[in-house]
Participant: 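Below: one structure in structure tokens.
Naming convention: chains lettered A, B, ... in sequence-line order (proteins, then strands); numbering from 1 in each chain. As the structure is a prediction and not an experimental result, all values here were calculated from the model. All values below come from the heavy atoms of this structure, side chains included, with hydrogens, waters and symmetry mates left out.
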There are 2 protein chains.
Amino acid sequence: MKMTIKEIAKLAGVSQATVSKIINNYDDVGAKTKKRVLQIMDEYGYRPSYSAQSLAKKITKVIGVIYAGKINANFNHPFFVEVVSSFKKTMGSEGYDLLFFSNEKFHKSDENYLARCQHYNVDGCIIIGGEEVEPSIYDLDKSEIPCVGVDIELSGKKSAYIMTDNPQISALAVEHFYLLGQRDIAFIGGKEESVISKQRYQGFIDEMKTYGLKVNPEWIVYGDFFEDSGYEKMEELLQRPSIPKAIFAASDLMAMGAIRAVKESGRKIDDFSFIGCDDIVASKHIDPPLTTVKQDKEKIGKMAAYILNDMIKEKIDQTSIKIDPELIVRASCGANKAG
Amino acid sequence: MKMTIKEIAKLAGVSQATVSKIINNYDDVGAKTKKRVLQIMDEYGYRPSYSAQSLAKKITKVIGVIYAGKINANFNHPFFVEVVSSFKKTMGSEGYDLLFFSNEKFHKSDENYLARCQHYNVDGCIIIGGEEVEPSIYDLDKSEIPCVGVDIELSGKKSAYIMTDNPQISALAVEHFYLLGQRDIAFIGGKEESVISKQRYQGFIDEMKTYGLKVNPEWIVYGDFFEDSGYEKMEELLQRPSIPKAIFAASDLMAMGAIRAVKESGRKIDDFSFIGCDDIVASKHIDPPLTTVKQDKEKIGKMAAYILNDMIKEKIDQTSIKIDPELIVRASCGANKAG
DNA sequence: TAAGTCTACGAAAACGGTTTCGTAAAAAGT
DNA sequence: ACTTTTTACGAAACCGTTTTCGTAGACTTA
């Protein structure tokens with residue numbers, strides 16, 4: 001049965017206060033008493049109640065995990081899975097558990113994320129961006145709760161954010177295409193409303209300009225980072241009066257979709273060049289192996305954890321960090337294809 | 001600033017009790033009073049404290065998510081990501097949030113999962129198997145906390161579990177190979193200690209027997225469900241005095257690794273046939289497109305949620321469910337390759 | 001109009017801990 | 001041997017809710 005601190009105290013013949021002190025490692029409790037109480041706690045499998053504890057202390061040791069989008073889609077996007085996995089690992093070693101908010105609730109009530117965080121009294125939270133952001137996120141951002149954003153720009157004084165250098169991502173892709181002789185370059189962005197899409201678009205435009213390449217507005221399209229959208233958008237591209245030969249997709253998944261589209265259209269895949277973004281596990285296995293701009297997901301997750309920790313401990317505030325991307329060359333735009 | 005129920009009560013000129021009743025939709029509170037209090041709560045952005053609430057009621061509306069393995073690896077395995085994603089969605093619509101336990105804590109203390117669940121007083125939990133299971137899981141299993149297992153057999157009276165019909169998975173694979181004329185079939189299992197590996201192995205053996213095929217013990221190897229292990233195990237297989245021509249891998253990721261291994265060995269990929277398991281997103285894109293035994297991840301997650309819900313509401317107990325697998329034929333064992 | 005029902009609300013006891021502060025006894029200092 | 005310090009512990013207030021039960025007054029009913 002479920003023991004309470006009171007019962008343990010009685011069994012041990014001490015006061016609640018003493019038991020509590022033992023739980024919390026106070027040093028004003030005698031060695032033999034401590035041993036005896038510990039032994040009793042163990043024997044009865046006593047565990048302090050989290051609710052009671054976090055009510056009394058004002059600390060929860062829980063971090064809220066929030067997918068900023070309206071549809072929670074990114075929960076299973078490989079990029080975010082890896083980022084969150086890394087984040088979880090390092091937060092875990094700091095003693096935090098992760099609370100994933102379901103945004104299905106929004107359909108039934110007027111609750112918002114700030115309310116949820118306050119309700120649970122989380123010590124801090126991580127906000128996953130990459131989509132059009134649910135407006136209530138910004139209330140959270142402005143609040144007193146430490147927040148770290150990934151792929152979303154936060155500006156509150158208890159907020160920080162981290163993302164790969166997005167313009168740089170596009171620059172790397174465009175440069176690679178350029179050096180390979182490609183001139184007809186298309187851009188398949190992610191969710192158009194997201195910051196990262198805008199930044200990647202801007203980086204794309206700028207780098208094209210740098211190389212004196214002209215960007216064809218008909219070749220700028222937007223998906224949602226997932227495979228299906230890459231397929232659809234590539235289909236559209238293939239309908240254009242003039243068809244691009246080099247495709248930069250803002251995610252590997254979309255690049256995979258795009259490749260599938262040209263294959264299914266019956267065209268020769270070798271007539272096209274593809275560069276993706278993320279470098280997910282599958283990218284090296286697909287046909288053709290995908291050249292991509294790698295994001296350091298492990299590092300992003302780890303850094304996010306460090307930042308959040310420091311913010312919770314009030315050691316820092318309001319930072320923003322950019323991580324360098326890296327071009328991974330595989331076979332999806334073999335040099336021989338250009339011209 | 002953070003309001004409490006007491007302050008709201010004072011502002012509204014009513015008692016705490018009345019405010020509480022409004023929060024909890026009691027019907028013994030007057031309409032005008034209710035309106036007034038509601039308006040004040042809204043104005044001050046009042047949110048009841050989760051800790052206080054769950055201390056007073058005995059309900060948390062939180063589900064614990066536990067990866068049974070010692071290393072938490074499955075957190076980012078595509079199969080489990082999709083299962084959990086589906087689970088999350090349907091639990092979310094029932095008003096539950098998900099608490100992911102970090103098992104890093106184990107390195108620092110003697111805490112176990114039951115303790116954690118009791119500590120947080122979760123309403124129920126989902127346990128993700130597929131690995132060698134951390135022993136304390138079974139204490140949880142035997143406890144009063146409703147548990148649903150995925151790919152792990154639970155036996156407590158408040159426990160249930162769900163998994164794909166594993167022997168059937170192997171049977172489908174072996175049959176397909178057989179009908180294609182393959183006779184030299186190897187088996188790359190997942191974590192050898194896991195139930196699902198054992199069941200798939202058994203299914204493999206049995207079906208081989210059914211077709212009068214002899215199983216070569218040298219061709220039975222075990223990885224860990226991830227890509228690297230598939231690569232390594234295939235490398236080993238390629239060292240054998242006699243080399244198998246058909247490989248059934250217990251996960252698509254391992255199949256991908258195996259394919260990579262034969263490619264890198266310089267052998268012709270078309271001389272080998274591969275069947276994977278799971279049907280993850282990438283499988284259709286790889287080279288060659290992977291024939292695989294699909295697991296219905298969406299359904300597994302959803303069913304797990306339904307079961308858990310029913311158990312929490314004490315409508316059922318101790319069920320176990322098997323989901324049918326489905327063979328998805330692609331190009332990785334083209335009929336022309338057999339012989 | 002007296003008695004019985006409702007309605008709307010509040011007092012107060014939980015829920016299971018933490019933490020401040022006070023103090024008796026033991027140890028140390030002189 | 002007497003004061004001072006330290007050690008080990010407990011009383012009690014508090015954290016923010018929920019929930020039972022009691023009751024004053026308004027409303028019905030006969």
Side-chain angles (χ1 to χ4, degrees), chain A residues 1-38 40-41 44-62 111 115-123 144, chain B residues 1-38 40-41 44-62 111 115-123 144:
Chain A
M1 90 160 253
K2 202 100 153 269
M3 294 269 107
T4 74
I5 202 175
K6 209 165 297 186
E7 307 175 286
I8 296 294
K10 193 155 300 169
L11 287 169
V14 297
S15 72
Q16 290 187 47
T18 301
V19 178
S20 177
K21 286 173 181 174
I22 291 173
I23 294 171
N24 294 283
N25 267 316
Y26 279 59
D27 53 6
D28 63 339
V29 39
K32 33 322 172 38
T33 312
K34 185 166 183 174
K35 183 165 296 177
R36 178 162 38 95
V37 174
L38 243 20
I40 293 187
M41 297 200 312
Y44 289 84
Y46 165 76
R47 297 294 165 175
S49 146
Y50 168 76
S51 315
Q53 277 190 152
S54 47
L55 178 60
K57 313 178 173 182
K58 305 302 209 94
I59 289 296
T60 58
K61 277 295 172 185
V62 166
E111 282 200 283
R116 311 276 286 286
C117 285
Q118 289 179 168
H119 177 70
Y120 283 112
N121 192 30
V122 298
D123 290 348
E144 291 299 304
Chain B
M1 93 158 255
K2 203 99 152 270
M3 293 269 107
T4 75
I5 204 176
K6 206 166 299 186
E7 305 176 287
I8 297 294
K10 192 155 300 167
L11 286 169
V14 297
S15 73
Q16 293 185 44
T18 300
V19 178
S20 176
K21 286 174 181 175
I22 291 173
I23 295 171
N24 293 284
N25 268 317
Y26 279 58
D27 53 6
D28 63 338
V29 39
K32 35 317 172 32
T33 312
K34 184 165 182 175
K35 182 164 296 177
R36 178 161 40 95
V37 174
L38 242 21
I40 293 187
M41 296 200 312
Y44 288 86
Y46 166 77
R47 297 293 164 175
S49 147
Y50 168 75
S51 316
Q53 279 190 153
S54 48
L55 177 60
K57 311 178 176 182
K58 303 300 210 102
I59 290 297
T60 57
K61 278 296 174 184
V62 166
E111 283 200 282
R116 310 277 285 285
C117 284
Q118 289 179 167
H119 176 70
Y120 283 113
N121 193 30
V122 297
D123 290 348
E144 290 300 303

Participant: Can you see if the side chain of Gln16(B) gets near the phosphate of dA11(C) - specifically, an N or O under 4.0 Å from OP1 or OP2?
Facilitator: no
Participant: Assign Ser54(A) to base, sugar-phosphate, or nothing according to its heavy-atom contacts below 4.0 angstrom with the strands shown.
Facilitator: nothing
Participant: For the CD atom of Gln53(A) and the NZ atom of Lys61(A), what is their distance to the nearest 0.5 Å?
Facilitator: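 Output value for this atom pair is 12.5 Å.
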Participant: More 5' along DNA chain C: Ala31(B) or Ile5(A), using each one's nearest nucleotide?
Facilitator: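 The 5'-side residue here is Ala31(B).
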Participant: Would you mind reading off the distance between Ile22(B) atom CD1 and dG10(C) atom C1', rounded to a whole angstrom?
Facilitator: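 After rounding, the gap between these two atoms is 13 Å.
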Participant: Hey, is the side chain of Ser15(B) poking within less than 4.0 Å of OP1 or OP2 on dG10(C), counting only N and O atoms?
Facilitator: yes
Participant: Working to the nearest 0.5 angstrom, can you tell me the gap between Lys57(A) NZ and Asn24(A) CG?
Facilitator: 4.0 Å
Participant: Base, sugar-phosphate, or nothing for Ser51(B), non-hydrogen atoms under 4.0 angstrom?
Facilitator: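 The answer is nothing, as Ser51(B) stays clear of every strand by at least 4.0 Å.
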Participant: Measuring from atom CG of Asp28(B) to atom CD1 of Ile22(B), what distance do you get when rounded to the nearest 0.5 angstrom?
Facilitator: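 Output value for this atom pair is 10.0 Å.
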Participant: How long is the span from the NZ atom in Lys21(A) to the CD atom in Gln16(A), to the nearest 0.5 Å?
Facilitator: 12.0 Å
Participant: Give the rounded distance in Å between these two atoms: NZ of Lys32(A) and P of dA8(D).
Facilitator: 7 Å
Participant: Does Ser20(A) make a side-chain N or O approach to OP1 or OP2 of dT18(C) shorter than 4.0 Å?
Facilitator: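 Checking dT18(C) against Ser20(A), a side-chain N or O does come within under 4.0 Å of OP1 or OP2.
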Participant: Round to the nearest Å and state the distance from Ile8(A) atom CD1 to dG17(C) atom P.
Facilitator: 9 Å
Participant: How long is the line joining CZ of Arg36(B) and C1' of dA8(C), in whole Å?
Facilitator: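 Interatomic distance, CZ of Arg36(B) to C1' of dA8(C): 12 Å.
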Participant: In whole angstroms, how far is the C1' atom of dC9(C) from the CD1 atom of Ile23(B)?
Facilitator: 16 Å
Participant: I want to check one thing: is the phosphate of dG10(D), taken as OP1 and OP2, less than 4.0 Å away from some side-chain N or O of Tyr26(A)?
Facilitator: no
Participant: Where each residue is assigned the nucleotide of DNA chain D containing its nearest heavy atom, which of Val14(A) and Leu55(B) is assigned the position nearer the 5′ end?
Facilitator: Val14(A)
Participant: Under 4.0 Å between a side-chain N/O of Lys58(A) and OP1 or OP2 of dG16(D), yes or no?
Facilitator: yes
Participant: Taking CD from Glu7(B) and P from dG16(D), how many angstroms apart are they, rounded to a whole number?
Facilitator: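 It works out to 8 Å between those atoms.
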Participant: The side chain of Ala17(B) is closest to which nucleotide in this list: dT18(C), dA8(D), dT19(D)?
Facilitator: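 Minimum distance to the Ala17(B) side chain belongs to dT19(D).
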Participant: Which atom pair, heavy atoms only, marks the closest approach of Tyr120(A) to Thr60(A)?
Facilitator: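 Of all heavy-atom pairs spanning Tyr120(A) and Thr60(A), the closest is O-CG2, 3.6 Å.
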Participant: Rounded to the nearest Å, what distance is computed from the CG atom of residue Asp27(A) to the P atom of nucleotide dT20(C)?
Facilitator: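 Rounded to whole Å, this separation is 13 Å.
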Participant: From Tyr50(B) OH over to Leu55(B) CG, what is the distance, rounded to the nearest 0.5 angstrom?
Facilitator: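 It comes to 11.0 Å.
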Participant: Compare the minimum distances between each of dA8(C), dT17(D), dT19(C) and the side chain of Lys57(A), then state the nucleotide with the smallest one.
Facilitator: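 Closest nucleotide to the Lys57(A) side chain: dT19(C).
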Participant: Could you check how far NZ of Lys6(B) sits from P of dG16(D), rounded to whole Å?
Facilitator: 8 Å
Participant: Under 4.0 Å between any heavy atoms, over every strand shown, what does Tyr50(B) touch: base, sugar-phosphate, or nothing? Just pick one.
Facilitator: nothing
Participant: Considering only side-chain heavy atoms of Thr18(B), which listed nucleotide, dG10(C), dT17(D), dT18(C), is closest?
Facilitator: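 In terms of side-chain proximity for Thr18(B), the closest of dG10(C), dT17(D), dT18(C) is dG10(C).
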Participant: The side chain of Lys21(B) is closest to which nucleotide in this list: dC21(D), dT18(C), dT17(D)?
Facilitator: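 Among the listed nucleotides, the one closest to the side chain of Lys21(B) is dC21(D).
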Participant: Go through dC9(D), dG16(C), dC21(D) for me and flag the one nearest to the Asp28(A) side chain.
Facilitator: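 Looking only at side-chain atoms, Asp28(A) lies closest to dC9(D).
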